[in-house]
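Report on one structure; see the data block that follows.
Computed over heavy atoms, backbone and side chain alike; hydrogens, waters and symmetry mates excluded. The structure displayed is predicted, hence computed values, not measured ones.
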Amino acid sequence: VKGKNKIPLYDQYGQKTKTEVNLNVSLDKTKVVAIDECDEVFLAEENRTLLDQIFKKLNMESSIMFLSATLNKDIKDFVQEKFKNTEKKRQVITYEVEPEKLTVENIKQCYFYVKPEQKTDWIVRILTDADFSYSCVVFVNTIHFAKKLYDLLKKNNIPVLIVHGQLSLKERDTAIRYLLSNKIKVLITTNLLSRGFDNRTITFVINAEVPLKDDPTQTNKKILDSETYLHRIGRTGRFTSKGVSLTFVATPEEVEIGR
């Protein structure tokens with residue numbers, strides 16, 4: 001029945017999204033279910049409950065795939081626990097690429113020591129001299145910095161748009177479409193586009209700030225987020241094409257994020 005038995009998906013921060021899953025759909029004949037970026041999907045407990053309901057509707061001949069460039073122990077344990085105690089056990093097969101092999105060879109990773117207050121000036125200089133036969137994505141950690149950098153690049157006549165969580169889906173889609181159709185050459189974004197955004201025309205990624213995450217052992221402390229770094233630079237070098245990533249760093253420790 002339309003409008004009934006629809007369950008929303010949640011993002012990695014536990015916030016309800018506009019995407020809903022209709023559980024009235026029959027899955028009896030489904031052969032494959034793929035959960036992409038599963039480490040992000042499973043961060044929200046509500047999504048795990050939703051997936052429980054989906055798995056129960058599948059026949060035992062179907063295959064379930066959990067995909068991500070980065071899988072932590074919590075996700076692996078969840079999958080193992082989920083299927084080992086079912087009435088009809090599913091065989092769980094794990095295929096992993098060694099972490100050091102995940103940073104693909106066709107991405108040249110570069111690091112640039114720069115003082116925080118000089119970052120914006122250097123980005124303007126780099127993008128002013130850049131070869132715009134291809135596209136560039138600039139990653140930052142906050143919406144505030146994204147807006148500040150966007151205004152500065154516009155002031156310097158650099159063809160740029162911005163994507164962040166405060167924009168509507170229509171505004172985000174328009175910015176991405178403009179980049180992929182070469183109407184603009186530079187896209188500034190937060191971690192919102194660090195995953196699932198693939199196009200071979202993107203050959204240059206700039207990490208204006210190294211990605212950070214909460215330290216699980218200490219309150220109000222941030223640590224380097226190597227997994228997000230991997231996803232960010234993975235926006236270039238897609239489909240056998242070559243790419244370059246440039247990460248602004250302030251300490252020798254920050255250089256280790258890519259190693």
Look at the side chain of Thr189 and the backbone N and O of Val163, then say whether any donor-acceptor pair between them is shorter than 3.5 Å. yes

To the nearest 0.5 angstrom, please state how far the NZ atom of Lys213 sits from the OG1 atom of Thr228. 7.5 Å

Within-4.5 Å side-chain heavy-atom neighbours: Ile257 and Pro211: yes

Enter the distance from Ile206:CD1 to Leu246:CG here, rounded to the nearest 0.5 Å. 5.5 Å

With distance as the sole test, does Arg172 use its side chain to make a donor-acceptor pair with the main-chain N or O of Gly165 at under 3.5 Å? yes

Contacts of Val244 that satisfy side-chain contact (heavy atoms from CB on, under 4.5 Å) - sequence neighbours left out: Lys108, Cys110, Phe204

Do Pro216 and Ile223 have side-chain heavy atoms sitting under 4.5 Å apart? yes

May I ask you to decide whether Asp214 forms a salt bridge with Lys222, counting only side-chain N to carboxylate O separations under 4.0 Å? yes

Expected output: side-chain Lys31 to main-chain Ser62 donor-acceptor under 3.5 Å: no

Gap between atom OG1 of Thr142 and atom NZ of Lys148 - 0.5 Å precision: 9.5 Å

Please answer: with hydrophobic residues joined when any side-chain heavy atoms are less than 4.5 Å apart, are Val124 and Ile162 in the same cluster? yes

Evaluate the side chain to side chain contact (heavy atoms under 4.5 Å, CB included) criterion for residues Thr128 and Arg125: first the C-alpha distance (whole Å), next the side-chain angles of each, then the deciding distance (0.1 Å), finally the verdict. CA-CA 5 Å; Thr128 299; Arg125 292 174 64 177; 5.8 Å; no

Find out if a path of hydrophobic residues (ILVMFWY) with successive side-chain heavy-atom gaps under 4.5 Å connects Leu192 to Val205. yes

Has Asn156 got a side-chain atom pairing as donor or acceptor with Ile158's backbone, closer than 3.5 angstrom? no

Look up atom CG in Leu149 and atom NZ in Lys154, then write down how far apart they are to the nearest 0.5 Å. 13.0 Å

Scan side-chain atoms only and decide if Ser194 and Asn191 contain a donor-acceptor pair under the 3.5 Å cut-off. no

Would you check, one step at a time, whether the test side chain to side chain contact (heavy atoms under 4.5 Å, CB included) holds for Phe145 with Glu209? CA-CA 10 Å; Phe145 187 30; Glu209 299 175 295; 3.3 Å; yes

Can a donor-acceptor pair be found between the side chains of Ser168 and Glu171 at a distance below 3.5 Å? yes

For the CG atom of Leu230 and the CD1 atom of Ile107, what is their distance to the nearest 0.5 Å? 8.0 Å

Side-chain (Asn59) to main-chain (Asp28) donor-acceptor, under 3.5 angstrom: yes

Does the pair Gln218 and Asn220 meet the rule for a side chain to side chain contact (heavy atoms under 4.5 Å, CB included), with working shown? CA-CA 7 Å; Gln218 189 171 340; Asn220 297 324; over 6 Å; no

Side chain to side chain contact (heavy atoms under 4.5 Å, CB included) between Cys136 and Leu127, worked out: CA-CA 9 Å; Cys136 171; Leu127 294 179; 4.0 Å; yes

Using atom types as modelled and distance alone, determine if a side-chain donor or acceptor of Asn141 lies under 3.5 Å from a backbone N or O of Val210. yes

Whether Lys183 engages the ring of Tyr178 as a cation-pi pair (distance to the six-membered ring centre under 6.0 angstrom, angle to the ring normal within 45°) should be assessed. yes

Is any side-chain heavy atom of Asn207 closer than 4.5 Å to a side-chain heavy atom of Val138? no

Which atom pair, heavy atoms only, marks the closest approach of Val114 to Lys119? CG1-CG, 4.0 Å

Reported CD-to-CZ distance for the pair Gln118 and Phe112, which is rounded to 0.5 angstrom: 8.0 Å

For Tyr150, which of Val140, Leu187, Val160 qualifies under side-chain contact (heavy atoms from CB on, under 4.5 Å)? Val160

Met65 and Val32, any side-chain heavy atoms less than 4.5 Å apart: yes

Contact between Tyr229 and Ser245 at the side-chain level, heavy atoms closer than 4.5 Å - yes or no? yes

Go through the side-chain N and O atoms of Glu254 and Tyr113 and say whether any donor and acceptor fall under 3.5 Å apart. no

